[in-house]
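A quick note: this is a predicted structure, and the numbers were derived from the prediction, not measured.
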There are 2 protein chains.
Amino acid sequence: MVDTKTAILDAAEHLFSSKGFDATSLRDINAIAQVNLAAVNYHFGSKDGLIQSVLERRIVPLNIERLRLLDQCEARLGNDALPLNEILEALIAPAVRLSRDPKAGGEDFMRLLGRLFIEPNPKVQTILEALFGETGRRFIKALKQSLPNLPEVELFWRVNFATGAMAHTLCDTSRLEFISGGVCDPNDAEGIIHRLVAFIAAGMREPVSATHTL
Amino acid sequence: MVDTKTAILDAAEHLFSSKGFDATSLRDINAIAQVNLAAVNYHFGSKDGLIQSVLERRIVPLNIERLRLLDQCEARLGNDALPLNEILEALIAPAVRLSRDPKAGGEDFMRLLGRLFIEPNPKVQTILEALFGETGRRFIKALKQSLPNLPEVELFWRVNFATGAMAHTLCDTSRLEFISGGVCDPNDAEGIIHRLVAFIAAGMREPVSATHTL
DNA sequence: GTTTGATTGAAACGAACGTTTGAAACAATT
DNA sequence: AATTGTTTCAAACGTTCGTTTCAATCAAAC
């Protein structure tokens, strides 16, 4: 065992992403990590401490990469309204791409990220606000500048819809493949990025007063 | 106590929707329902039986209403391609409207429905496939006819995005209100329906080859 | 009024949970 | 070689879980 802490984090990430936080026991984790039952409490203090470490390990670098892309975009095009698709890609692409890197958790991380936003565990929600709050506000500000004619209330609703589309896509790796009869490949990261950005951008740009059916 | 079974179903629905399935104990449920600990196993056989009953009570009428609206739409316009927005409204409006009816679970039902699609519990997933499978295939067929130029693989991806947007919106009743600083009203059912249908319809109609940024 | 079947009640069951303990094993320094 | 601090180990802690038991209670039929 080269590194007990890493083995625990990997096993916990795998189980949290597939079974959920509450349904995963420390005994499940330690059985996969091949470590002693007391190891989690020794290295992370408690199960809550473990959850915190599992999330931090992935989300902190993810948000750094997201903000780096956004900064890079602003440096190239100035501080005014950025192209909508570039903002969305800075938000979405790092999440999907990191999910293809086996060293960054692979598809376990993908599902973990998707699951977070609907996870009812209050501890998880507290951790989430601390980890995503600042990054989220940066992106909302950029979206506001990119869509100056969209009323703020509509922007918030659409960001919420976009979050749901993204989270569900990240979380669900099997149902779509099943429903589509194998037509859709959940491992096609670049395809997912392209399709998600296009879908969300179209919804974001839709004129607000389109009540009537086509 | 007029009806023990109903009291248990109501309490279970409330707790499942707010805490999740695995994190809700029978003792929590029975404390709220003010019934004996053995009541759940007597009336529903087991905790799994209770979950099944909780979901069936709401989802069966929901899907009947969805299919009724779809049938009504076909009867009015013929069996060919239906307007996209009407299909989406037949899918979305019953879910959001039922969530405003206190006799149908109110916002508890709203969150319950949203939570289902990411719920990792395999028992729940089995129940879901049985409850939603047929209705889902009917709507996918209608969407195919409505968007004849959209390749099947793209349609499946977009249905997946749409499902995520809808599920997340139904599930999240507080975060949007918090993030938006109270600007967005999560209780405005008709507003949610209108916005969700418009957002999803725009994403559905987007031409497929729009790779380049605007 | 008695009997029958359905429901409720208090108590306990074994199993699994997160956590703690204290000794053993290990690593690195003196 | 002895010592120190860190990590691992097997075992147990008390609690909570879903479930079961069996007597008490109720409602209705005879």
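- Pairs engaging residues 7-42 of chain B under the ring pair (Phe, Tyr, Trp, His ring centres under 6.0 Å) rule: B:Phe16-B:Phe21 [sequence neighbours left out].
- A:Ser146 places no side-chain N or O within donor-acceptor distance of the main-chain N or O of A:Pro83, the cut-off being under 3.5 Å.
- A distance-only check finds a donor-acceptor pair linking the side chain of B:Arg66 to the backbone of B:Leu91 [under 3.5 Å].
- Using a 4.0 Å cut-off, some side-chain N or O of B:Thr4 falls inside it from OP1 or OP2 of C:dT8.
- Within the 3.5 Å criterion, the main-chain N or O of A:Ala165 finds no donor-acceptor partner in the side chain of B:His168.
- For A:Lys47, the listed nucleotide lying nearest its side chain is C:dT19; candidates were C:dT7, D:dA10, C:dT19.
- One atom, CG of B:Asn36, and another, P of D:dG18, lie 15 Å apart when rounded to the nearest Å.
- The side chain of A:His43 places no N or O atom within less than 4.0 Å of a non-bridging phosphate oxygen (OP1 or OP2) of D:dT6.
- If you measure from atom CG of A:Asp3 to atom P of C:dC26, you get 18 Å, rounded to the nearest angstrom.
- Relative to the side chain of A:Ala38, the nucleotides C:dT7, C:dT20, D:dT19 differ in distance, and C:dT20 lies closest.
- Within residues 21-32 of chain A, the residues that place at least one heavy atom under 4.0 Å from DNA chain C are, in residue-number order, A:Thr24, A:Ser25, A:Leu26, A:Arg27.
- Here the side chain of B:Asn63 pairs a donor or acceptor atom with the backbone of B:Leu131 at under 3.5 angstrom.
- Note: CG (B:Leu50) to C1' (D:dC17) measures 15 Å, nearest angstrom.
- Between the CD1 atom of A:Ile51 and the C1' atom of C:dG18 there is a distance of 12 Å, given to the nearest Å.
- Panel note: side chain A:Arg158, backbone A:Gly203; a donor-acceptor pair is recorded below 3.5 Å.
- In this structure, the CD1 atom of A:Ile8 is 12 Å from the P atom of D:dT7, given to the nearest Å.
- Map A:Ser46 and B:Leu37 each onto its nearest nucleotide of DNA chain C; the residue landing nearer the 5' end is B:Leu37.
- To the nearest angstrom, C1' of C:dT8 lies 15 Å from NZ of B:Lys5.
- The only option from A:Leu50, A:Asp10, A:Val35, A:Leu37 that meets the side chain to side chain contact (heavy atoms under 4.5 Å, CB included) definition with A:Ile29 turns out to be A:Leu50.
- When rounded to the nearest whole Å, the span between CG of B:Asn41 and C1' of D:dT20 equals 8 Å.
- When the P atom of C:dA16 is taken as reference, atom NZ of A:Lys19 falls 12 Å away, rounded to whole Å.
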